[in-house]
2 protein chains.
Amino acid sequence: MPRLALLVEYDGRPFLGWQRQGNGQSVQAVLEEALFRFSGERIGVVGAGRTDTGVHATGQVAHLDLEREVDPGRLRAALNHYLRPQPVAVTEVRRVDERFHARFSAIGRAYRYRILTRRAPPTFDRGLVWHHPVPLDPEHMHDAAQVLIGYHDFSSFRATSCQARSPLKSLDLLHIHRDGEIVIVDVRARSFLHHQVRNIVGTLALIGSGKHPCGWMKDVLAARDRRLAGPTAPADGLTLVEVAYPSWSSRSSS
Amino acid sequence: MPRLALLVEYDGRPFLGWQRQGNGQSVQAVLEEALFRFSGERIGVVGAGRTDTGVHATGQVAHLDLEREVDPGRLRAALNHYLRPQPVAVTEVRRVDERFHARFSAIGRAYRYRILTRRAPPTFDRGLVWHHPVPLDPEHMHDAAQVLIGYHDFSSFRATSCQARSPLKSLDLLHIHRDGEIVIVDVRARSFLHHQVRNIVGTLALIGSGKHPCGWMKDVLAARDRRLAGPTAPADGLTLVEVAYPSWSSRSSS
């Protein structure tokens, strides 16, 4: 039974997240419906990252098993046809080994968080950025963030709903820079706790706006107490940009 | 009577263009309605560029006259408040001389045209790019385009509906480059004929996809015949990014 990996891009605005839910539209359900219309079979897809409600992806990966061989290019075209008019696109289909698992084979995940720092509200990017009318200093944010790199107890940045067995995680990269009116937070790790990126961004924003000094981040991390960190930044600004596997990654060429 | 210039950004998807129309929503009408809700007066706004249906702007400029002095920051905040939920934002308000005219004082206009060149359809950028599933060679397009720089008769790229007295225009810049899956066409002139940019882009796409050689552009220009050029590229990909005046321009910092 051939196993295939899909590289998936989606605008998360209309979805209750990746995972199939009882009470609304999910990216997984939309993909499974397109697969059903293509194959006439009920085929499940397994995603690498279970993005939350309103979170976007340019580099999500999912795997599935087909009954028979299908040309990857033909499957991509058919899925994109049946996905219309949903804002979900299969950018690539790859034949993978039957031991490949989108979630468990992944060795790294990268997210990008975008913050629009101007008084005027967003137009094109509404729902795709966090609108933060107060100016932020990306250099302060970057400096403050470096204390989080490495293996730590991230309890201060963990959602109460988090299902992970341990709050210990290894953070590989946290880079903040400005691109015009947008402050961009790039973050990379093997895996993340629930809301970890959004809680880190919400905390960094308090440093970038001058409400707390750079050194505050060290105290927040050491406290291992969610109540001491900043608020959870909105889902709008968050995009899953890459899932990495031992020999390839899903980062798009754009 | 104080004259003010507004720097305006809009997502053109829901609009029949800049200009007030009898039969649908226009950016001008939406701005004038926000001004009315702020001031209680019917105040007209004059735009620098009359963008077509579905065309976007990050650097549109409009002027208006108020009955009394208003702090520019306060006016910007009030207009953005009353513009909700329309995808139109006033990014800046500037006090200008009473001889300033958004359209007639302009000495240059810059547009950016974006073409998504991949098989998969757009997700985030639907209506904001031209989806061109066939690959394009931006270097060929750039080379071919250079014959259009300078003062020429642009009849081959002029819409039949064009109201301009003369087809003679001076094109100052035409630069094509790739940014990942997007091919970007940047163009600048004092002013443009109706559909001139979209007709040039439609013609360049035939060269970029290999249907015509680079040298074909010279023949099309020389023919001064609209029927010889390529089709009009869709409005989706077009954005007015800058209007230049003798001492300032509207280009956003992003």
Side-chain angles (χ1 to χ4, degrees), chain A residues 6-15 27 30 56-58 60 72-93 114 116-129 131 133 135 178-184 236 239 241 251-254, chain B residues 6-15 27 30 56-58 60 72-93 114 116-129 131 133 135 178-184 236 239 241 251-254:
Chain A
L6 309 179
L7 274 59
V8 187
E9 178 183 293
Y10 48 88
D11 178 341
R13 284 176 283 191
F15 298 108
V27 181
V30 158
H56 319 285
T58 57
Q60 174 71 287
R74 201 182 135 232
L75 179 61
R76 182 189 57 190
L79 289 177
N80 285 328
H81 173 76
Y82 290 120
L83 283 165
R84 288 170 202 267
Q86 298 289 353
V88 179
V90 175
T91 55
E92 199 184 324
V93 175
R114 300 198 311 144
L116 178 66
T117 58
R118 68 175 191 191
R119 291 296 186 90
T123 56
F124 306 98
D125 283 344
R126 198 179 293 170
L128 299 174
V129 292
H131 181 215
R178 174 183 297 285
D179 180 12
E181 294 171 329
I182 310 258
V183 169
I184 294 172
D236 308 41
T239 303
V241 294
R251 187 174 287 273
S252 84
S253 54
S254 63
Chain B
L6 310 179
L7 275 59
V8 187
E9 178 183 295
Y10 49 87
D11 178 341
R13 284 176 284 192
F15 299 108
V27 181
V30 157
H56 319 285
T58 56
Q60 175 70 287
R74 205 186 130 227
L75 179 61
R76 182 188 59 191
L79 289 176
N80 285 328
H81 174 76
Y82 290 120
L83 282 165
R84 290 170 200 264
Q86 298 289 351
V88 179
V90 175
T91 55
E92 198 183 325
V93 175
R114 300 197 313 143
L116 178 66
T117 58
R118 68 175 190 191
R119 292 296 187 91
T123 55
F124 306 99
D125 283 344
R126 198 179 292 171
L128 299 175
V129 292
H131 181 215
R178 174 183 298 286
D179 180 13
E181 295 170 330
I182 310 258
V183 170
I184 293 171
D236 307 41
T239 303
V241 294
R251 186 174 288 273
S252 84
S253 55
S254 63

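Within every chain, numbering begins at 1; the chains are lettered A, B, ... in the order of the sequence lines, protein sequences first and strands thereafter.
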Q: Sequence neighbours left out, what passes salt bridge (charged side-chain N to carboxylate O under 4.0 Å, His left out) with B:Asp11? Give chain and number order.
A: B:Arg13
(Q) Quick check for you: among A:Arg119, A:Arg178, A:Arg126, which has the greatest number of heavy-atom pairs under 4.5 Å with chain B? (A) A:Arg126
Q: Using salt bridge (charged side-chain N to carboxylate O under 4.0 Å, His left out) as the criterion, list what pairs up with B:Arg118, not counting sequence neighbours.
A: A:Glu9, B:Glu181
Q. Please walk me through it: do A:Asp125 and A:Arg114 pass side chain to side chain contact (heavy atoms under 4.5 Å, CB included)?
A. CA-CA 10 Å; A:Asp125 283 344; A:Arg114 300 198 311 144; 3.4 Å; yes
Q.
Report which part of A:Glu92 has an atom under 4.5 Å of a heavy atom belonging to chain B: side chain, backbone, both, or neither.
A. neither
Q: Give, for atom CG of A:Leu116 and atom CG of A:Asp236, the distance between the pair rounded to the nearest 0.5 Å.
A: 11.5 Å
Q | Proximal component of A:Tyr10, with respect to chain B [non-hydrogen, under 4.5 Å] | A | backbone
